[in-house]
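Data first, discussion second: the structure below is written as structure tokens.
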Amino acid sequence: MQKILRNRIFRDLRENLLRYLALGMLVMLGMYVVVSLVGAADTIIVGVDKKAEENKLEDGQFVVFTPMTEEETAKLEDTGTSLEAMFYLDFKKEQSTLRVFQNRKTINLVELDEGRLSENGKEIVLEKRYCEENGIQIGDSLKVGGIPLEVVGIGSVPDYDAPFKNLADRSADSSQFGFGFVTEKAYESLKNSEQSEKSEEYVYSYRLNGKLTDAELKEEIKAEGNNLLHFLAAKDNPRIKASADDQVINKMAGLIAGVIVMILFTYVISVFVIHGIERESSVIGALYALGVKRKELLRHYLMLPSVITFYAGIIGTLLGYSRLGVNVQMGDCYRYFSLPVLKTVYSPWLFLYGSIMPPAVAVIVNCLVIGKRLSRPALALIKNEAKNSKIYNIDLKGMGFTGRFRIRQMIREARTGIVVLLGMFISLLIMMLGINCYVLCRHISKETRQDIRYGYMYTYKYPEEKVPEGGEACFAKTLKKEVLGYNLDITLLGISPDNPYFDAKVTKGKNKVIISSAMAEKYQLAEGEKLILSDEEEQMDYAFTIEGITQFSAGFYVFMNIDSMRELFLESQDYYNVVFSDRKLDIASERLYAGISKEEINKASDVFTDLMQPMIYMMTILSALIFCVVMYLMIKVMIERSAFGISLMKIFGYHTKEVRKLYLNGNFYIIAIGAAICLPLSKKVMDFIYPVLIANVACGMNLRFSRQMYFGIYGAILLLYFVINQLLVKKLDRMVPADVIKNRE
């Protein structure tokens, strides 16, 4: 008997080869996307940690007003801490800034992709992303500070994983900022050229070596004198391991999405199996009568779905780990972060996930769905008795024949209709993930251009007594606030009530603030709520009352009356450390931390749109493909289940056009009404999930769609339906009246 059942499996596969190939392709595609996403995330997370250890990543860094003396350095090193000076100079290179360091010796070592380290005063090693964006190769020569330098190496360093020019930057733009490494002799020559954008920055990196904590080292530095300007532990540094942090969310999202998509696909398979059981009802009843057990038949009907999903899962997993998988998914990361070349990490658990999870889900779903179908008595199966349902006899008086027939047909095929709607919902969720990403990036770019009114912003290291003519003085302080496990920077900005560059109407009061719209969206804050911000350097928390929200998308800003802020932080009545202006000001570079123009901010806001385009296209195409295949297969099953009725209609003289109106056109209402429900529902679900997916990104959460976009997606769904509907008309043409004779008792 088992041999007979096995032969039936091969016959079923041969008869429905295209159907199973389509389903296998969907499973394979789903596992390819999941494994490539998760495999890329694992490669980056594990690879970045490994390279950080190999290249002696710092435990933290601190900035001082003046270089430490040899005696001060020796005292800190006596505590067991390793120190290395990471001083740097910034030089203007056409439209970009090039930051120059001396060659590193013991901490944050350079990982070369090609070439070698600089060995004399005429050579430089450049960061790889800057080279890619500006078309620089080994052997090229460039002038820095008026001194010609030959590029002898290209690589990366672990403390600039995210190559932000300033720690407060929201995005990295390697076309505008890069860095390089030269010998001590070359560095002195560059310093003596006096062509740097600003004064030399005195940064020290440290490794604790298990001797002290970050807090204890900070106290040791303070004990040496009032020279400490800024202290930053590696865990709070947005430049360090930013790529790995970015991939943690991708990994979780990929695994969860894989299970959801597999449940959909296997439920689709279960519909086919049920259709096969109903079609072969009399045969199954005869097998029961001959002594075949329900368990054997259940195993028989589970065999083909399990085998197909198993092999499709294996193929999808192998493709996910191929050059077309992990390497492609890592492309976005390589195009944004400054990473060394990482070796693909092959995770045994991910192989098991990709190969075992699909058949496991297929078995569970099919057991739940088809087990009940095989529990009917043998006699009922032999007679192919249809189960009576009161819902089929609903009162439809007052409706024409066509309307009544369509409604009853939709009720009879409710199961397949639900699968189509479920497929539509899952597809729209995937699509919304991509479209939300696009909309968010576009809103950031557009709103940043609208909201920034100043032409230049200057951040001071040593403020002048008098504010430069044409400048608007402000007081800025960086605080922290946690969201979904990530501690993000918040800029507390003291401004005057008549500041021409911001709409925030600040009033006096040490606890009164107005927050930017970007911050309100990210932290879900409203007017009247309490806001607590942390100063981690001083280990202080500050509580404020939100008096209003102002439109400003260019960062997380909290606006406060400048006089009240000076009083709160015990500064003098004329203290300031930031100046805004509508034109470039003549300020000595040695007084500045940074100077940034509106044009540079606008360019940086476009980075994410360009970076995320491949992912947006992939999600949109994948969702459309899933929707089309599921809808085609399910409506095809509806037609096959109605083969007897369609053939009978043709005996009565109905033409194909009339049959289509009765059996196919009713599906239009399922798609039209279903899309009207699933479209806003999928948008709401994704809007709810999306903040978690970008919890580590310091940006607003404006995810609003225009009406035109909703109508466009809705129109695309209906267009796909009409295309598939036309393809299925050919299926009706192939049905002949002889089918009635085949199914007679």
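FYI, side chains are in, hydrogens and waters are out, and symmetry mates aren't considered; it's all heavy atoms of this structure.
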Are [X] and [Y] linked by a side-chain donor-acceptor pair shorter than 3.5 Å?
| X | Y | value |
| --- | --- | --- |
| Thr81 | Lys211 | no |
| Asp90 | Ser196 | no |
| Ser96 | Gln176 | no |
| Lys128 | Ser338 | no |
| Thr106 | Glu84 | yes |
| Thr507 | Glu547 | yes |
| Gln450 | Glu447 | no |
| Asn120 | Thr183 | no |

Ring pair (Phe, Tyr, Trp, His ring centres under 6.0 Å) involving [X] - partner list, sequence neighbours excluded:
| X | answer |
| --- | --- |
| Tyr542 | Phe569 |
| Tyr187 | none |
| Tyr334 | none |
| Tyr523 | Phe556 |

Inset, instruction - For the residue pair Phe580 and Tyr454, categorise the inter-ring angle as parallel (less than 30°), tilted (30 to 60°) or perpendicular (more than 60°). - result: tilted
Set of salt bridge (Lys or Arg N to Asp or Glu O under 4.0 Å) partners for [X], sequence neighbours left out:
| X | result |
| --- | --- |
| Asp245 | none |
| Glu188 | Lys191 |
| Arg704 | none |
| Glu123 | Arg116 |

Using only atom types and a distance under 3.5 Å, with no angle test, would you say the side chain of [X] pairs donor to acceptor with the backbone of [Y]?
| X | Y | result |
| --- | --- | --- |
| Ser445 | Cys441 | no |
| Tyr576 | Glu464 | yes |
| Tyr462 | Phe65 | yes |
| Gln524 | Glu521 | yes |
| Tyr456 | Leu585 | no |
| Asn499 | Ile495 | no |
| Tyr575 | Pro463 | no |
| Ser189 | Lys185 | yes |
| Asn55 | Pro158 | no |
| Asn209 | Gly80 | yes |

Inset, instruction - Test side chain to side chain contact (heavy atoms under 4.5 Å, CB included) on Ile514 and Ile549 and set out the steps. - result: CA-CA 6 Å; Ile514 293 175; Ile549 298 171; 5.7 Å; no
Measure the [atom1]-[atom2] distance between [X] and [Y] for me, rounded to the nearest 0.5 Å.
| X | Y | atom1 | atom2 | answer |
| --- | --- | --- | --- | --- |
| Asp59 | Thr213 | CG | OG1 | 11.0 Å |
| Asn108 | Arg207 | CG | CZ | 8.5 Å |
| Lys522 | Met701 | NZ | CE | 6.0 Å |
| Asn511 | Ser564 | CG | OG | 9.0 Å |
| Ile154 | Ile124 | CD1 | CD1 | 11.0 Å |
| Leu232 | His230 | CG | NE2 | 4.5 Å |

For residues 468-485, tabulate all N or O donor-acceptor pairs below 3.5 Å that involve a side-chain atom, not counting sequence neighbours.
| unit_1 | atom_1 | unit_2 | atom_2 | d |
| --- | --- | --- | --- | --- |
| Glu472 | OE2 | Ser496 | OG | 3.0 |
| Lys477 | NZ | Asp535 | OD2 | 3.4 |
| Lys480 | NZ | Asp489 | OD1 | 2.7 |

Inset, instruction - Could you note down all residue pairs passing side-chain hydrogen bond (donor to acceptor under 3.5 Å, both in side chains) where residues 234-244 supplies at least one of them, sequence neighbours left out? - result: Asp49-Lys241, Asp161-Ser243
Legend entry - Cationic N near anionic O, under 4.0 Å, Asp173 to Arg129: no
Legend entry - Charged N-O contact under 4.0 Å between Lys75 and Asp78: no
Inset, instruction - Could you tell me whether the side chain of Leu492 reaches within less than 4.5 Å of the side chain of Phe544, counting heavy atoms only? - result: yes
Legend entry - Flag side-chain contact, heavy atom, 4.5 Å: Met519 against Leu525: yes
Inset, instruction - Applying side chain to side chain contact (heavy atoms under 4.5 Å, CB included), run through Lys165 and Thr97 and close with a yes or a no. - result: CA-CA 9 Å; Lys165 180 180 179 182; Thr97 297; 3.3 Å; yes
Legend entry - Verdict with reasoning, Met86 to Ile107, per side chain to side chain contact (heavy atoms under 4.5 Å, CB included): CA-CA 9 Å; Met86 300 282 172; Ile107 301 177; 4.0 Å; yes
Inset, instruction - May I have all residue pairs that pass salt bridge (charged side-chain N to carboxylate O under 4.0 Å, His left out) and include part of residues 490-503, sequence neighbours excluded? - result: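 Every salt bridge (charged side-chain N to carboxylate O under 4.0 Å, His left out) pair that includes a residue of residues 490-503, provided the two are not neighbours, is Arg453-Asp503.
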Inset, instruction - Sort and list the pairs that fulfil salt bridge (charged side-chain N to carboxylate O under 4.0 Å, His left out) and have at least one residue in residues 565-575, not counting sequence neighbours. - result: Lys510-Glu567, Asp563-Arg566
Legend entry - Check: Tyr204 ring centre within less than 6.0 Å of Phe87 ring centre: yes
Between [X] and [Y], what is the shortest heavy-atom contact and its length?
| X | Y | answer |
| --- | --- | --- |
| Ile45 | Ala244 | CG1-O, 3.7 Å |
| Tyr130 | Lys93 | OH-CB, 3.8 Å |
| Lys92 | Glu94 | CE-O, 3.7 Å |

Inset, instruction - Give the intermediate values and the outcome of side-chain hydrogen bond (donor to acceptor under 3.5 Å, both in side chains) for residues Asn103 and Ser118. - result: CA-CA 8 Å; Asn103 287 336; Ser118 55; 3.1 Å; yes
Legend entry - Residues Glu77, Thr79; criterion side-chain hydrogen bond (donor to acceptor under 3.5 Å, both in side chains); working and verdict: CA-CA 5 Å; Glu77 289 179 336; Thr79 64; over 6 Å; no
Inset, instruction - Give the intermediate values and the outcome of ring pair (Phe, Tyr, Trp, His ring centres under 6.0 Å) for residues Phe181 and Tyr88. - result: CA-CA 10 Å; Phe181 304 89; Tyr88 65 78; over 10 Å; no
